[in-house]
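Worksheet for the structure shown next.
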Amino acid sequence: MGPLSARLLMQRGRPKSDRLGKIRSLDLSGLKLLSEHLDPKLLCRLTQLQELDLSNNQLETLPANLGLSHLRILRCANNQLGDVTALCQFPQLEELSLEGNPFLTVSDNLKISFLLPKLRKVNGKDASSTSSQVENLNRELTSRVTAHWEKFKAAVSPEEEAEKAQADFVNSAVRDIRYGPESLSEFTQWRVQMISEELVASGGPQVHEADIPERPPKATAAQEPRARPVAKKRPDDVSLNLSPNKRVCTSSLAPVEGSPQDSDGGQPAPDLEPLHFLQCHSKNNSPRDLDTQLWACAFEPAWEEGRAGATSQTVATCGGEAVCVIDCQTGIVLHKYKAPGEEFFSVAWTALTVVTQAGHKKRWSVLAAAGLRGLVRLLHVRAGFCCGVIRAHKKAIATLCFSPTHETHLFTASYDKRIILWDLGVPNHDYDFQASQLLTLDTTSIPLRLCPVASCPDAYLLAGCEGGCCCWDVRLDQPPRRRPCEVEFVFSEGSEAAARRVDGLAFVNEDVVASKGNGLGTICLWSWSQTWGARGKRPTLAVVVLARLQWSPTRLAYFSLSTCPGEGIVLCGDEEGNVWVYDVRHLLTQQPPLPAAPQAPTQILKWPQPWALGQMVAKTMVNTVVANPTFTYLTALTDSNIVAIWKRQ
């Protein structure tokens, strides 16, 4: 499609007229328009235009001077827009559609609400909640900029030129003022610059009582105790429905009981403070839903270049028919995806680089989610939509994980007793994935946990299964494409078949593996290199145990453990709602022989009673506990539909 013409506008405009100035509605959708095709000199002649449809084109920006001052409805869905500031030229806009623009973020949604005060609907949904959030952010940011001004003014030299001092103030405010989750940093810095410039232009701050942010009321709901629920599998075949609903149950903070138990040479217990208890996976958003089981969570890695050692405070959680993306600091549910009829069991992150039709490179996070229906859904988190579905298995997917060295390689493990390695490929301009199978790994029992070997992730994969711990050669330059288990690892303790199950598996560092389920009441630390070095050609291999950690004596299964390799931390929940925290750095550096007795946990976090929503739970089980790599935030998921978040002080 080339540049627009007056004839085309009159053909596609309503009412039909031979004068552009009489057209009130114009449909320019599906014309493959580029940004440069929108000629302001032509479009500004549409002086009475109230409705404009630019959907399904290839627009990356909107020209800043279109002159459509009466526009009330604008549809720009399914384009490649990366900036929304040009929308300020439409002050009368009431309805806006921007779905399917993958480079727009949560910050852009807030900018839209700020720039368009008369906006009633965004993407077909009421815009009032976002408007309230923007008002609260504005009050807090205005307060912080004002405080920064007073501090800056006291430090500035009287001899310094006023113009330079003002510019320095604006720059320092943008650099130093931080508020809210990292995902909103683009919006907050944008507003801080605007507020600072307005303050400088007015000659100083004017603080009003209305600028003080209100505090939300505490939840006071109460409910009878309940018995432990049993997970129900629903095989209903219902189409996927992605919901942007962000309802969160906030809470008053309850103190955590710590049980630090320093063993010889052990580390002091970390100071962990509860931040939030959220109920964001409820069926129909009901606060009375205490039956939905939550199964897995994963922190988003910090992908940004130039941020060595940085870590994310954004965590994805799954359970029931929903996947939620949460900011741990604020407790805000940034995104929520629903698939009616699904029950999600696992989530995993990766980052992909996409080249737009204009040749620009964009890097964005992708969240893979899978569960009961055997489908892998690829969620574009920043834009808030599902950009691909892989029909991976005919039975439920128990777990999945991305390769740490190949961003498009995904392992899926299913109840069909198969593990498949997929190459997702790089999505095309329409964000469609063309996934292909690279390997199929056969198991003799259901795989529960996947773990690429830390020192050689491209060569070997470990899996904790119902029948034990197995290993496969996953080198792609080796035939065949379908492979049986190469080695099964044997643990000395326990002879019962049930004791062979390995339902927890993770590397503590490049060599030491933490596994659970092979012996009641313990977590085993064993050496990959020492075990593998004694292999020869044997199909079974006894692990070289380095130490054992004391854990709950329960016979219940499927409490997933996790690790923070950089911090030497092992984490695991239990059937009583406790979180067991182990600092094993002293064990990793201690020379043999190591203590024969199981090592006590560094700390046990007790589930607060009554817990934060004010509802009494007879017993809650912590299914999964995960911390971000720097052990700053810790997230625990329960069988009673609660996401608990702690922060290390």
Side-chain angles (χ1 to χ4, degrees), residues 4 9-10 12-17 19-31 33 35 38-40 42-57 59-139 184 186-187 190-191 194 242-247 335 383-385:
L4 297 174
L9 298 187
M10 287 185 287
R12 300 182 70 105
R14 296 290 185 275
K16 289 292 185 180
S17 174
R19 296 178 59 185
L20 296 180
K22 292 187 176 182
I23 294 176
R24 293 179 176 273
S25 176
L26 180 60
D27 182 1
L28 297 178
S29 63
L31 298 178
L33 293 173
S35 299
L38 301 181
D39 182 5
L42 176 63
L43 294 175
C44 70
R45 295 165 58 186
L46 300 164
T47 55
Q48 299 300 316
L49 190 68
Q50 296 186 12
E51 182 175 353
L52 175 61
D53 191 345
L54 294 171
S55 302
N56 302 306
N57 286 296
L59 305 175
E60 293 190 356
T61 60
L62 291 176
N65 52 347
L66 294 177
L68 306 176
S69 58
H70 296 284
L71 197 65
R72 284 178 167 77
I73 301 174
L74 176 62
R75 300 185 180 92
C76 290
N78 301 317
N79 281 281
Q80 298 186 43
L81 295 174
D83 182 65
V84 297
T85 53
L87 293 173
C88 65
Q89 64 184 301
F90 310 126
Q92 304 302 318
L93 205 63
E94 298 176 0
E95 296 185 22
L96 177 64
S97 175
L98 290 172
E99 293 174 311
N101 284 275
F103 304 126
L104 296 182
T105 68
V106 179
S107 288
D108 291 309
N109 294 337
L110 300 181
K111 288 181 182 180
I112 290 167
S113 181
F114 176 79
L115 294 170
L116 302 172
K118 294 188 177 182
L119 200 63
R120 296 184 297 106
K121 288 187 176 182
V122 178
N123 298 332
K125 295 180 174 57
D126 183 61
S128 59
S129 61
T130 305
S131 178
S132 299
Q133 184 181 4
V134 169
E135 290 177 5
N136 291 335
L137 285 170
N138 276 333
R139 283 196 292 267
L184 303 185
E186 182 186 347
F187 172 78
W190 178 73
R191 280 297 294 138
M194 295 176 68
L242 299 180
S243 170
N245 190 2
K246 299 179 177 60
R247 175 171 180 167
H335 303 282
F385 70 98

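It should be emphasised that the depicted structure is a prediction, and the values quoted were computed from it without experimental measurement.
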Grab the two heavy atoms, one from Ala127 and one from Lys121, that are nearest each other, plus how far apart they are. CB-N, 4.3 Å
Could you work out, with side-chain contact (heavy atoms from CB on, under 4.5 Å) as the rule, every residue matching Lys118, not counting sequence neighbours? Gln92
Closest approach of Arg24 to Pro15 (non-hydrogen atoms, all atoms of both residues): N-CD, 3.9 Å
Would you say Leu98 and Leu74 make side-chain contact, with heavy atoms under 4.5 Å? no
Ala64 versus Gln89, closest heavy-atom pair with distance: O-OE1, 3.4 Å
Are any non-hydrogen side-chain atoms of Met194 and Trp190 less than 4.5 angstrom apart? yes
Under 4.5 Å between any side-chain heavy atoms of Asn109 and Leu104, yes or no? no
Any side-chain heavy-atom pair from Leu42 and Leu20 closer than 4.5 angstrom? yes
By side-chain contact (heavy atoms from CB on, under 4.5 Å), Asp53 pairs with (sequence neighbours left out) Asp27, Ser29, Ser55, Arg75
Using 0.5 Å steps for rounding, measure from the CZ atom of Arg12 to the CG atom of Leu26. 8.0 Å
I'd like to know if the side chain of Asn65 and the backbone of Pro40 have a donor-acceptor N/O pair within less than 3.5 Å. no
Exercise: do Asn78 and Asn56 side chains pair donor with acceptor under 3.5 Å: yes
Tightest non-hydrogen contact, residues Lys111 and Val84, listed as CB-CG2, 3.8 Å
Any side-chain heavy atom of Leu52 within less than 4.5 Å of one from Leu43? no
On a heavy-atom basis, which atom in Ser131 and which in Ser113 lie closest, and how many Å separate them? CA-OG, 3.2 Å
With heavy-atom distances below 4.5 Å as the criterion, would you say the side chains of Val134 and Phe187 are in contact? yes
What I want to find out is whether Glu51 reaches Arg14 closely enough, with some N-O distance under 4.0 Å, to be called a salt bridge. no
Taking all non-hydrogen atoms of both residues into account, name the closest pair between Leu33 and Leu28 and its distance. CD1-O, 3.8 Å
Check: Ala77 main-chain N/O paired with Asn79 side-chain donor or acceptor under 3.5 Å: yes
Please enumerate all residues that pass side-chain contact (heavy atoms from CB on, under 4.5 Å) together with Ser35, with sequence neighbours excluded. Leu59, Glu60, Thr61
Value rounded to 0.5 Å, distance of OG1 in Thr47 from CZ in Arg19: 8.5 Å
Sequence neighbours left out, what passes side-chain hydrogen bond (donor to acceptor under 3.5 Å, both in side chains) with Ser17? Give chain and number order. none
Any Leu54 side-chain heavy atom under 4.5 Å of Leu38 side chain: yes
Using the salt bridge (Lys or Arg N to Asp or Glu O under 4.0 Å) criterion, which residues pair with Glu94? Sequence neighbours excluded. Arg72, Arg120
Test side chain to side chain contact (heavy atoms under 4.5 Å, CB included) on Glu186 and Asp108 and set out the steps. CA-CA 8 Å; Glu186 182 186 347; Asp108 291 309; 4.2 Å; yes
So how far is it from Ser25 OG to Leu46 CG, rounded to the nearest 0.5 Å? 11.0 Å
Taken in chain and number order and not counting sequence neighbours, the residues that satisfy side-chain contact (heavy atoms from CB on, under 4.5 Å) with Gln133 are Leu110, Leu137, Leu184, Ile332
Are any non-hydrogen side-chain atoms of Val122 and Thr130 less than 4.5 angstrom apart? no
